[in-house]
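To find a chain, count down the sequence lines: A is the first, B the second, and so on, and within it residues start at 1. Quick caveat, the model's predicted, so the values are computed rather than measured.
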Number of protein chains: 4
Amino acid sequence: MNARERSRRETRRRLIEQGTLLFSEQGVAETRAIDIARAAGVAVGTLYLHFKDKYDLLRAILFEGIEELLASLRALTENPPPSLPVFVRRHCEIMVFFVEEHPMLCRVLFDPESVRTNVSTEITEYLVEMQKKRHRAEIKKKELASMPDPLVSAHAVVGMMLHILDWWTRHPDQITRERLINTLTSLRLSGWYQNKPCIEKDVSS
Amino acid sequence: MNARERSRRETRRRLIEQGTLLFSEQGVAETRAIDIARAAGVAVGTLYLHFKDKYDLLRAILFEGIEELLASLRALTENPPPSLPVFVRRHCEIMVFFVEEHPMLCRVLFDPESVRTNVSTEITEYLVEMQKKRHRAEIKKKELASMPDPLVSAHAVVGMMLHILDWWTRHPDQITRERLINTLTSLRLSGWYQNKPCIEKDVSS
Amino acid sequence: MNARERSRRETRRRLIEQGTLLFSEQGVAETRAIDIARAAGVAVGTLYLHFKDKYDLLRAILFEGIEELLASLRALTENPPPSLPVFVRRHCEIMVFFVEEHPMLCRVLFDPESVRTNVSTEITEYLVEMQKKRHRAEIKKKELASMPDPLVSAHAVVGMMLHILDWWTRHPDQITRERLINTLTSLRLSGWYQNKPCIEKDVSS
Amino acid sequence: MNARERSRRETRRRLIEQGTLLFSEQGVAETRAIDIARAAGVAVGTLYLHFKDKYDLLRAILFEGIEELLASLRALTENPPPSLPVFVRRHCEIMVFFVEEHPMLCRVLFDPESVRTNVSTEITEYLVEMQKKRHRAEIKKKELASMPDPLVSAHAVVGMMLHILDWWTRHPDQITRERLINTLTSLRLSGWYQNKPCIEKDVSS
DNA sequence: GATGAATGAGGATTCATTCAT
DNA sequence: GATGAATGAATCCTCATTCAT
């Protein structure tokens, strides 16, 4: 019984693992269900035993993979650092570290097919929602200027972060992790045109 | 001869027009070549007399459609307003106005298939390139802090702008055009956390 | 041991019961082996311990279910009523009563899959055979005109009866049981065009 | 233009022709779309250019094939012979002749798949409807006893006729065409148990 | 005896593109 | 130049049946 259940979970794990690999390597649309099954060492039918269809597997890969990131972000939100700059820098760090550790997952998340099937949109919306709540709290605490719109600025952060991270997974050599974190933190804290020393530099020391 | 040439151009125009309409309504991947031809009032074969294939039509739609935007942006760059805040605001305005006037084109630009086939990536890269040059010039003129990386910050602007604009074409009722421009200008000038009055507010007066 | 045997029979009974239910509700071809097993509260493998395959279950359902009908018909043949009209009416009654009491079984019997796999054909042939023997006996006894062909007229009775009964299980509200029996008896005794009072009416009194 | 249209029709004709052949030979469910196309000398895609799917082809085969039969039956109804027995005999003749001339079509009509997809049911219903109207007219003219139910007796005729004809296409050697027509006419006119000379015998002379 | 995870053959259908007319 | 019928490769998913536990 227990052995059977263990074997079942192991099969599922291998499908997720190989699905992530193939999806990230060749793109979701270009990956055949049968190839994933073969790579996982099972028959096609088995894939459909564990997942409704190819897109159900895609969802599982993304939602289960992203869970760790969301947990870190939630932890940050629940135990926020004393100062705002430190918070923003931590937020950037978490995302950059995650991307660095899960490059394949990110390739899948940014895959056009994830977008087309609204899987990544759901995740984006969730991040936007987290950010929006945070912004609202910050406005209350007068940490954040009463921006024209918390919703828009939340979308702006998420859009900027995701776009940059997507680009970085594709061109990891263009910038080091540290400089990337510094740049992102700086942009979020003071925008593109502040002529003063970047706040986060002091912070990281 | 001349009449024939005119008729030919007219056919091409209708293919572009109906292609934009259908691509934006049902998505690029979901639109059949035969449907575009039918909507344009010609036979499928005719589509292939004007365009190498379906993606050639997609490219034509996007590059010809985006030309106007690029022209406006180039004009702005070549005759920059005296002050930086005004420049940034104009830049945001141009993009928001363009999106407002060409919602269908934007839907096509952000379509997963445009992304997948790298058509929109080319356009994005072009925008990034423009932005990067601008940033470098600004750094020289000391208007811009020597950011950790002009390339990254260029990607960040473009990513933020495109993401927001994509979202706005889908949810035009969530925010007015004016508030959107204000928000974007403010974010670019002073980031998400400046506790002082938004710079562009003085400017717009 | 005895308990085990009892449990085994009980499992078999439930498979037949749920098979009949599901086959009649959704059609034989559309019913999955695993659904029948689940409905019967056992695993798929268990179904295959009791029946060679899905069609073996179908056969069991039909032959065991129809046994009662055949027994009644045999009893009628072995102890025939004195007069022919009474015999025909009894014959119709038996079939109509049976259909009324086993509507699900009839739905399964008339299912295209039962026809395709010749299961219902076997039953039809058996009924035809019974009828043919009866006709031959009747011809000998001069009760039946030396029809052009006893085989054909046997097929004709069976075809007519089955078709009508199939229709009736689907449209039970179109006619009452009594009227149906009268109509069938009348048709068999005097055909479609006899202008005299229906024979069986006197009989049923 | 005209040549193209002619070629298109010819292709369609060949698909219908070969579809009828293969459906009747191996059964509808067992016949692959690609086999029909190949037999018709075209690619699979072409089949789907002419018919929505395999069952659309099946419908076309049956409805177009049966049209001739329906036309004959309508002609009979519109110009009914003077006497009822002659009418019934003509009716039987038409159906028997049709079956004899189109055995493949009949095999397809009685195919379980035609039944399952309700194609043959629609045709049966149409025949029942014709018969019901006729019965009602006959009742008015006092030719037909006020049967318990014209609907049931209509279903009974159609069920009997179709069953017999189905059987005959499978066992054409069991009875000659003439005897079959005689038997059917006799059954319809006087039922299974009339001890007098068959009416239709006089008529056919 | 019972279980249920795994198997894998099998076929319908789509649609971008071509090319004879 | 325009037409549109024909092409056919390509892939998803189902489900009856098995057999190791």
Side-chain angles (χ1 to χ4, degrees), chain A residues 1-12 29-35 37-38 40-56, chain B residues 4-5 7-8 11 29-38 41-57, chain C residues 4-5 7-8 11 29-38 41-57, chain D residues 1-12 29-38 40-55:
Chain A
M1 281 301 165
N2 214 326
R4 190 174 277 183
E5 177 64 15
R6 231 180 303 130
S7 143
R8 183 180 163 81
R9 292 199 188 214
E10 170 63 12
T11 298
R12 188 192 143 95
E30 287 75 19
T31 303
R32 317 285 139 237
I34 203 169
D35 293 333
R38 206 173 291 157
V42 293
V44 227
T46 305
L47 191 155
Y48 289 89
L49 209 63
H50 288 266
F51 305 97
K52 197 168 69 57
D53 56 25
K54 197 170 121 178
Y55 294 98
D56 194 34
Chain B
R4 181 172 290 182
E5 179 61 16
S7 141
R8 184 176 162 75
T11 296
E30 287 74 20
T31 302
R32 317 283 143 241
I34 203 170
D35 292 332
I36 299 172
R38 204 174 293 157
V42 294
V44 228
T46 306
L47 191 154
Y48 286 87
L49 292 176
H50 287 267
F51 304 98
K52 193 168 69 61
D53 57 29
K54 191 172 135 180
Y55 292 97
D56 192 34
L57 169 62
Chain C
R4 181 171 288 183
E5 178 62 15
S7 141
R8 185 176 161 75
T11 297
E30 287 74 21
T31 302
R32 316 282 142 243
I34 203 171
D35 292 332
I36 299 171
R38 203 173 295 157
V42 293
V44 227
T46 306
L47 191 154
Y48 287 86
L49 292 176
H50 287 267
F51 304 97
K52 193 168 69 62
D53 57 27
K54 192 172 134 179
Y55 292 97
D56 192 34
L57 169 61
Chain D
M1 279 302 162
N2 213 326
R4 190 172 278 183
E5 178 64 14
R6 230 179 306 128
S7 143
R8 183 178 163 80
R9 292 199 187 213
E10 170 63 11
T11 298
R12 188 190 142 95
E30 287 74 18
T31 302
R32 317 287 140 235
I34 203 169
D35 292 333
I36 299 172
R38 205 173 292 157
V42 293
V44 226
T46 305
L47 191 155
Y48 289 88
L49 209 62
H50 287 266
F51 305 97
K52 197 168 68 59
D53 56 26
K54 199 171 119 178
Y55 294 97

Closest heavy-atom contact between [X] and [Y]?
X     : Y     : answer
C:F51 : C:D56 : CA-OD2, 3.4 Å
C:R32 : C:E30 : NH2-O, 3.1 Å
B:V44 : B:I34 : CG1-CA, 3.7 Å
C:H50 : C:R8  : CE1-O, 3.3 Å

Query - Contact under 4.0 Å: D:R8 side-chain N or O vs F:dA5 OP1/OP2 - result: yes

Query raised in the report: Between F:dA6 and D:H50, is there an OP1 or OP2 to side-chain N/O distance shorter than 4.0 Å?
Result: yes

Send over the distance from [X] [atom1] to [N] [atom2], rounded to a whole Å.
X     : N      : atom1 : atom2 : value
B:D56 : E:dA16 : CG    : P     : 15 Å
B:F51 : E:dT18 : CZ    : P     : 16 Å
A:R4  : F:dC19 : CZ    : C1'   : 10 Å
A:N2  : F:dA20 : CG    : C1'   : 16 Å
A:R6  : E:dG4  : CZ    : P     : 17 Å
D:R12 : F:dA6  : CZ    : C1'   : 17 Å
A:D35 : F:dA10 : CG    : P     : 13 Å
B:L47 : F:dT3  : CG    : C1'   : 13 Å

Query raised in the report: Is there a donor-acceptor pair under 3.5 Å between the side chain of D:S7 and the backbone N or O of D:A3?
Result: no

**Report entry** Reported CG-to-CG distance for the pair C:L47 and C:D35, which is rounded to 0.5 angstrom
**Finding:** 11.0 Å

Requested in this report: To the nearest 0.5 angstrom, please state how far the CZ atom of A:R6 sits from the OG1 atom of A:T11.
Outcome: 12.5 Å

Query raised in the report: Which part of the nucleic acid, if any, lies within reach of D:T11 when heavy atoms closer than 4.0 Å are counted: base, sugar-phosphate only, or nothing?
Result: sugar-phosphate

Report task. Dump the intermediate steps for side chain to side chain contact (heavy atoms under 4.5 Å, CB included) on A:R9 and A:E5, then the final yes or no. Result -> CA-CA 6 Å; A:R9 292 199 188 214; A:E5 177 64 15; 3.2 Å; yes

**Report entry** Which nucleotides of DNA chain F pair, in dot-bracket form (Watson-Crick or G-U under 3.5 Å, | meaning another strand)
**Finding:** .||||||||||||||||||||

Report summary line: Per-nucleotide protein contact along nucleotides 9-15 of chain E, 5' to 3', at a 4.0 Å heavy-atom cut-off (B base, S sugar-phosphate only, - neither), is --SSBBB

